[in-house]
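The basis for the numbers below is simple: all heavy atoms, side chains too, and nothing from hydrogens, waters or symmetry mates.
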Amino acid sequence: MAALLYRLGRFCFRRRWTITALWVALLIAVGVGGAALSGPTSNSFTIPGTQAQKAMDLMEQRFPDTHAGGATAVVVFAAPDGRTLNDSDATAAVRRSLDRLRRDAEVADVLDPFDAMAVSPDGRYALAQVTYKVPMGDIPKGARATLESAASIGRSAGLTVETGGDALQEPSASSAGEIIGLAVAALVLVITFGSVLAAGLPLVTALIGVGIGVSAITATTGFVDLSSNTSVLATMLGLAVAIDYALLIVSRHREELAAGRSAEEAAGLAVGTAGSAVVFAGLTVVIALAGLSVAGLPILTQMGLAAAATVAVAVLIALTLLPACLGFAGQRLRPRRRAHSLDTSAGRRWAGLVTRRPLTVLLTAAVALAALAVPALDLRLGMPDDGSAAPATTQRKAYDLVTKGFGPGHNGPLLVVVDTKGTGSAKGPGRRTAERLTPLSGVAAVTPAVLNQAGDTAVLTVIPRTAPDSTATGRLVSTIRDLPAPAGATVSVTGRTAINLDMSTKLGKALVPYLTLIVVLAFLLLVLAFRSILVPLKAALGFLLTLGATFGAVVAVFQWGWLSTALGVQTTGPIVSVMPVFLVGVLFGLAMDYQVFLATRVREEFVHGASPTQAVVAGVGHGARVVSAAAIIMISVFAGFVPSTDPMIKMMGFALAVGVALDAFVVRMAVIPALLALLGRSAWWLPRWIDRVLPDVDIEGARLVTHAPEAIDAPPAELVRN
C-alpha cells in the first residue's frame with residue numbers, strides 16, 4: 001500500500017492543475033445539484049418492529065382522518081387569579097384563538113377544550129389539542145407563526161397562553177460556536193506549523209471535502225426523507241477528520257523537506273507513509289459509522305451513512321487534492337530546522353518519562369478514567385420533550401401549566417389501541433379494556449373508547465399519574481402491555497411517551513451487539529495494518545476506558561447537572577436515547593484514528609531497527625505534537641456545537657469533545673505507550689500461521705525506506721496499470 005500511495009502522491013503532485021480542476025469541478029457540480037434538487041428535511045422518525053410503531057401505523061391506516069402520524073401542538077390557557085375560563089369573555093377569547101388555528105391550511109383538527117372536557121376542575125386552566133397534516137419537523141414556519149398569532153389573541157384578552165408539542169420543533173441551525181471552533185482550529189494549525197501557508201492547506205482541503213459531502217446530502221433530500229441533523233453531524237465529523245488527515249500528511253511532508261528531499265519526493269513519501277495511516281484510520285471511522293445501520297433505526301442509519309460518505313471524501317481529498325496543493329506550495333513549506341527539532345524534543349521527553357515509569361503512568365491513568373466513569377452507572381435513556389426545554393421557552397411554560405392545572409401525566413398521554421378486525425366489533429372489547437385499565441394504580445383517567453368507521457378498531461386515551469419521563473410511567477406502559485387482551489382482540493400501546501420508551505429499549509439492546517461488531521471488525525483491520533495481536537487488543541481496551549469516562553462525564557453534566565450553567569445546559573434529564581449508540585460509533589472511529597497515527601510511527605521505527613523502547617520514544621516523539629494539534633482541532637470543532645439549541649447536537653458536541661480529549665491525551669499518549677513499553681518486543685508478536693495468511697500492506701513504508709526500484713522509481717503511468 002505504501003508504494004502505491006507513494007506513486008499516487010507523486011502523480012497528483014505532478015498533475016496538480018488537473019487534479020485541482022477535477023475536485024473544484026466536482027464541488028461546483030455537487031453544489032449546483034444540491035441547490036437544484038434539495039428537498040425538505042424532517043425531524044420525524046420511525047422505530048420499525050416495536051409495538052408503539054406498529055400501533056401508530058395501525059391508527060394511521062384505520063383512522064386516516066385523524067392524521068395519527070401528524071405533528072401535534074398543545075395550547076394551554078390560564079385565567080388570571082380570581083377568574084375562570086368559564087367567564088363569557090374568557091371563553092370567547094379561547095374560541096377566537098382556536099378559530100384562528102382552524103383557518104390554517106396545515107391544521108387537520110383542533111379540539112375545543114370546552115367540548116372535550118379538557119378544563120381543569122377549578123376552571124382556571126384549559127388544554128386544546130391541535131393536530132397537523134404533516135409529521136413533526138415538517139411544519140412550515142408559517143404554521144408556527146399562526147400558532148403564535150393564535151396565542152396572542154388570548155393574551156390580548158388578559159389570559160396566560162403558552163404553546164407546546166412537537167409541532168414547535170425546528171430544524172437544527174448553525175451557531176456562532178461552530179465558526180469559533182473553526183477559528184480555533186486555524187489558530188492551532190498556525191501555531192503547529194509556524195506558517196500561514198502550511199496551516200491554510202488543511203483548512204482549504206477540509207472545507208472543499210465538507211462542501212462536497214454536505215452538498216451531496218442536500219441533493220439527496222430531494223429523493224429521500226433525511227433528518228435535519230444529518231448534515232449537521234456530517235459537517236461536524238467531516239471538518240474534524242478532514243483537518244486531522246491533512247494535518248498528518250502536511251506534517252510528514254514538512255519532515256521530509258527538512259531532511260533535504262525535493263518537494264515532489266517529500267509529497268510522495270508523505271502520502272506513502274502518513275497516507276497509509278490516513279487510509280486505515282478512515283476505514284475504521286467508516287466501518288464504525290456505517291455499522292450504525294445494525295441498530296435498525298432509520299434515523300441512525302441515515303446519519304451514519306451520510307457521515308461515513310463525508311469521511312470517505314475527506315480521505316480521498318487527503319490522498320489526491322492535498323499532494324496537488326503541496327505541488328503549488330513547493331519548497332515554501334520547508335520548516336526552519338530549529339523549530340523542527342523543538343517539535344520532536346518535547347514529544348521525546350514525554351515518551352521518555354512514560355517508558356521510564358510505565359506501570360505508574362498506566363495505573364494512574366486507568367484509576368483516573370475509572371473514577372470519571374462512575375456516574376455512567378446511573379445512565380438513564382429517554383427522548384427530550386417540553387419538560388426538558390429551557391425554562392424561559394413557551395414549550396416549558398406550557399408543560400408547567402399543564403402539570404399545575406391537570407397533573408404531570410397529561411403531558412404524555414398513552415394511546416391504547418384495541419384491534420378486532422376479522423373477529424367482530426371493537427365496541428365491547430374497547431369497553432372491557434377501559435374497565436381493566438381504570439383501577440390500575442398509575443392511571444389517573446381513561447377516556448371512553450373511540451371507534452373507527454369500520455367499527456373494528458377502538459382507541460382509548462390513558463392519562464398516567466406521573467410525568468412522561470418517570471420510571472413509574474415506564475412501568476405503567478409495561479403493565480398495560482402485560483394485561484390479557486379481551487377475547488378476539490389484540491391490545492397495544494402507543495403515543496409519544498410509549499414511542500420514546502420503545503426507542504430507548506431498542507437502542508439499549510442494540511448497544512452491545514453494535515459495540516461488538518465494530519470492535520471485531522476494527523480489530524481485524526488493525527491486525528492487518530500492524531501485523532500484531534496485542535496492539536489492536538490494547539487499542540480496543542483503551543477505547544473502553546475512554547468510552548466509560550466519556551459516558552460518565554455526559555451523565556454528570558446532562559443528567560446530574562454538574563457544570564450545567566457554565567455549559568449552557570438549562571435543564572437536566574435522561575440522556576437522549578440515540579446518543580449512546582451514535583457516540584460509540586463515532587468515538588470509536590476517532591479513537592482508532594489516533595491509535596493508527598501513533599502506532600504506525602512506532603511500528604515504523606521498530607521495523608527499521610529500533611528497540612521496542614526506542615521505537616516508542618521515537619514514534620511518540622515524532623507524533624506527539626501532530627496528534628496533540630489534531631486532538632485540539634477536533635475538540636475545538638466539536639465544542640463549537642455545544643452552544644446549539646438542539647439537545648442532541650449539544651450533547652453530542654460535548655461528548656465528542658470530552659471523548660477526544662481523554663482518548664488522545666490520556667489513553668493514546670499515556671496508557672498505550674506505557675503498555676507498549678511494558679510488553680516490549682512481544683507487543684508486535686503475530687502467530688506464524690496468521691503472518692503467512694495476511695497480505696503485507698506495508699503501512700509503515702518499509703519498502704520506501706529501502707528504496708526498492710519497483711516501489712520508488714516506478715513511473716506514474718504504472719498507477720493506471722496497478
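Taking 4.5 Å as the limit, some side-chain heavy atom of L237 sits within range of a side-chain heavy atom of V586. Using a 4.5 Å cut-off on side-chain heavy atoms (C-beta onward), V596 and L526 make contact. Looking only at side-chain heavy atoms (C-beta outward), V555 and R380 stay at 4.5 Å or farther from each other. In this structure, L476 and L414 have side chains that are in contact, with non-hydrogen atoms separated by less than 4.5 Å. V285 has its side chain within reach of Y245: a pair of non-hydrogen atoms, C-beta onward, lies under 4.5 Å apart. With a 4.5 Å cut-off on side-chain heavy atoms, F588 and L289 do not count as touching. Looking at heavy atoms from C-beta onward, K421 lies out of side-chain contact with T457 at the 4.5 angstrom threshold. Between M652 and V576 the shortest side-chain heavy-atom distance does not fall below 4.5 Å.
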*Go through the steps for S504 and S577 under the test side-chain hydrogen bond (donor to acceptor under 3.5 Å, both in side chains), then give the verdict.*
CA-CA 5 Å; S504 299; S577 298; 2.5 Å; yes

*Determine, stepwise, if the pair Y132 / D109 fulfils side chain to side chain contact (heavy atoms under 4.5 Å, CB included).*
CA-CA 7 Å; Y132 288 85; D109 188 34; over 6 Å; no

*Run the numbers on T284 and I518 for side chain to side chain contact (heavy atoms under 4.5 Å, CB included), then give the verdict.*
CA-CA 8 Å; T284 58; I518 62 172; over 6 Å; no

*asked:* Between L662 and V667, is the side chain to side chain contact (heavy atoms under 4.5 Å, CB included) condition met? List the steps.
replied: CA-CA 7 Å; L662 293 173; V667 174; 5.8 Å; no

*Decide side chain to side chain contact (heavy atoms under 4.5 Å, CB included) for R62 and D419; before the verdict, give the C-alpha distance in whole Å, the side-chain angles of both, and the deciding distance to 0.1 Å.*
CA-CA 10 Å; R62 306 282 177 84; D419 179 18; 2.9 Å; yes

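Between the side chain of Q51 and the main chain of V493, a donor-acceptor pair closer than 3.5 Å is present. Within the 3.5 Å criterion, the main-chain N or O of P48 finds a donor-acceptor partner in the side chain of K506. Between the D166 side chain and the A71 main chain, no donor and acceptor come within less than 3.5 Å of each other. With Q595 contributing its side chain and R668 its backbone, the two residues share no donor-acceptor pair below 3.5 Å. At least one donor-acceptor pair closer than 3.5 Å links the side chain of T494 to the backbone N or O of A52. Panel note: side chain K650, backbone V642; a donor-acceptor pair is recorded below 3.5 Å.
Atom CG of L587 and atom CZ of F551 lie 8.5 Å apart (nearest 0.5 Å). The distance from the CZ atom of F530 to the CG atom of L525 is 9.0 Å, given to the nearest 0.5 Å. A distance of 6.0 Å separates CZ in F543 from CG in L515, rounded to the nearest 0.5 Å. Between M634 atom CE and L247 atom CG the span is 10.0 Å, to the nearest 0.5 Å. Interatomic distance, L239 CG to L207 CG, rounded to the nearest 0.5 Å: 6.0 Å. Atom CG in D663 sits 9.5 Å away from atom CG in L369 (nearest 0.5 Å).
For an aromatic pair to be called close, the ring centres must be under 6.0 Å apart, and F638 with F654 fails this.
Smallest separation of non-hydrogen atoms from G474 and L501: CA-CD1, 3.8 Å. When all heavy atoms are compared, the tightest approach of V30 to I212 is CG1-O, 3.5 Å. Looking at every heavy atom in both residues, G640 comes nearest to P643 through O-CD, 3.3 Å. The nearest pair of heavy atoms linking I217 to A306 is CD1-CB, 3.7 Å. Closest of all the heavy-atom pairs between A599 and V535 is CB-CG1, 4.4 Å. When every heavy atom of P375 is checked against every heavy atom of G552, the shortest pair comes out as CB-O, 3.4 Å.
Comment: D386 does not engage R396 in a salt bridge, judged by the lack of any side-chain N to carboxylate O separation of less than 4.0 angstrom. The pair D502-R481 meets the salt-bridge criterion, with a side-chain N (NZ, NE, NH1 or NH2) lying under 4.0 Å from an Asp/Glu carboxylate O.
When only modelled atom types and interatomic distance are considered, D244 and Y594 share a side-chain donor-acceptor pair under 3.5 Å. Side chain to side chain, D57 and Q53 meet the donor-acceptor criterion of an N or O pair below 3.5 Å. Between the side chains of S470 and T473, a donor-acceptor pair is found at a separation under 3.5 Å.
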